[in-house]
Amino acid sequence: MAVTAIRSVGVVGCGLMGSGIAQTCVQAGYEVVVREVSEELLHKGLQRIYEAWEMLVSKGRVSREQAEEYRQRLRGTVALEELASCDLVIEAVVERMEEKLRLFTALDRLLKPEALIVSNTSSLSVTQMAAVTRRPQQVCGLHFFNPAPVMKLVEIVRPITASEETIETVRRFAESLGKTPVLAKDTAGFIVNFLLIPYLLSAIRMLENGMASRDDIDTAMKLGCGYPMGPFTLLDYVGLDTTLWAAEAIYEEYKEPLYAPPPLLRRMVAAGLLGRKSGRGFYEYS
Ligand code: CAA
């Protein structure tokens with residue numbers, strides 16, 4: 001029997017997505033424990049969250065007291081065991097299946113039997129993650145978009161093993177975060193990345209083929225389609241490594257040339273040009 005009332009939330013991973021997700025959950029009123037693998041990464045992730053709250057205070061969106069109260073409901077740790085009493089745990093670690101499977105196995109051993117485990121994966125199989133646990137009916141995907149505190153959408157990803165009760169509880173949880181959930185089957189890319197990844201890869205191919213410049217492609221999509229960011233700005237924002245992993249996962253499933261990562265993307269990731277987070281991608285950041 002799965003929990004139906006979520007009070008405490010665990011987030012595993014405090015990178016770009018994990019920190020945004022933890023921040024979102026705290027702001028919605030939950031007690032949150034976030035876990036990173038090292039003190040250094042934990043500090044960096046927590047700093048990102050504290051800076052976001054400082055920004056909200058400086059804009060007058062939340063009071064100083066409210067921001068202080070947020071800080072008190074957020075706890076950082078490097079020990080997975082500290083998530084043991086959580087009602088729901090959100091996995092937001094690196095997009096590598098071996099990592100996810102190791103983590104799901106460990107969480108399953110640690111958590112109370114009724115707790116739910118959800119994955120923020122953008123394209124890997126949630127069914128495979130559910131299958132290494134003894135609670136596959138209580139596992140599904142909950143995919144946030146970057147920046148998590150701002151983007152209104154979440155994709156609820158339904159593995160064939162998930163119970164109706166789990167999907168309903170996660171849907172209510174997503175709504176309590178102020179998000180609009182959509183439901184997708186557990187197929188690579190779900191809804192958004194199935195459509196977004198070929199668009200981003202096509203922009204890279206246009207650049208590789210010299211069809212137009214980086215700036216003109218970005219300007220064209222911003223002003224011609226009303227997108228908030230052009231494809232290269234968005235690639236840098238999402239992270240080139242994340243985009244590559246998503247493309248590989250979808251290509252692996254469908255073998256459609258549309259999803260095959262272009263050589264330039266592979267070379268840039270190999271060179272450590274990952275976008276904003278590494279200081280350089282298609283653009284440079286100081
Ligand atoms: N916490 C709380 N609020 C935040 C925030 C944070 N961390 N970051 C930004 N905000 C708020 C700002 O305070 C601001 O609020 P107000 O309008 O009330 O002042 C608002 O968000 C907009 O921020 P900015 O003014 O700084 O910047 P902007 O207007 O240029 O918008 C953007 C920035 C929201 C990122 C916008 O450019 C955008 O929507 N870009 C597209 C992002 C996108 O497509 N994301 C999906 C990527 S795909 C993905 O994530 C899935 C995957 O698996 C790869």
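Atoms within each ligand, like the ligands themselves, are counted from 1 in listed order.
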With a 4.0 Å cut-off, would you call [X] and [Y] a salt bridge?
{"X": "Glu82", "Y": "Arg35", "answer": "no"}
{"X": "Arg73", "Y": "Glu69", "answer": "yes"}
{"X": "Asp236", "Y": "Lys277", "answer": "no"}

For Phe104, what residues pass the ring-ring contact (aromatic ring centres under 6.0 Å, His included) criterion, not counting sequence neighbours?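 If we apply the ring-ring contact (aromatic ring centres under 6.0 Å, His included) test to Phe104, skipping adjacent residues, there are no hits.
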By ring-ring contact (aromatic ring centres under 6.0 Å, His included), which residues pair with Phe232, not counting sequence neighbours?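 Scan of Phe232 (ring-ring contact (aromatic ring centres under 6.0 Å, His included), adjacent residues dropped) gives Phe282.
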With the criterion set at N/O pairs under 3.5 Å, what does the list of contacts between the protein and ligand 1 look like, atom names and distances included?
from	atom 1	to	atom 2	distance (Å)
ligand 1	1 (N)	Gln23	NE2	2.8
ligand 1	13 (O)	Lys59	NZ	2.9
ligand 1	18 (O)	Arg61	NE	2.9
ligand 1	18 (O)	Arg61	NH2	2.6
ligand 1	19 (O)	Lys59	NZ	2.9
ligand 1	19 (O)	Arg61	NH2	2.9
ligand 1	45 (N)	Asn146	O	2.8
ligand 1	50 (O)	Asn146	N	2.9
ligand 1	53 (O)	His143	NE2	2.9
ligand 1	53 (O)	Asn193	ND2	3.0

Using a 3.5 Å cut-off and no angle test, enumerate the donor-acceptor pairs between side-chain atoms of residues 23-34 and protein atoms at least two apart in sequence or in another chain.
from	atom 1	to	atom 2	distance (Å)
Gln23	NE2	Gln27	OE1	2.9
Thr24	OG1	Gly20	O	2.6
Gln27	OE1	Trp53	NE1	2.8
Tyr30	OH	Ser176	OG	2.5

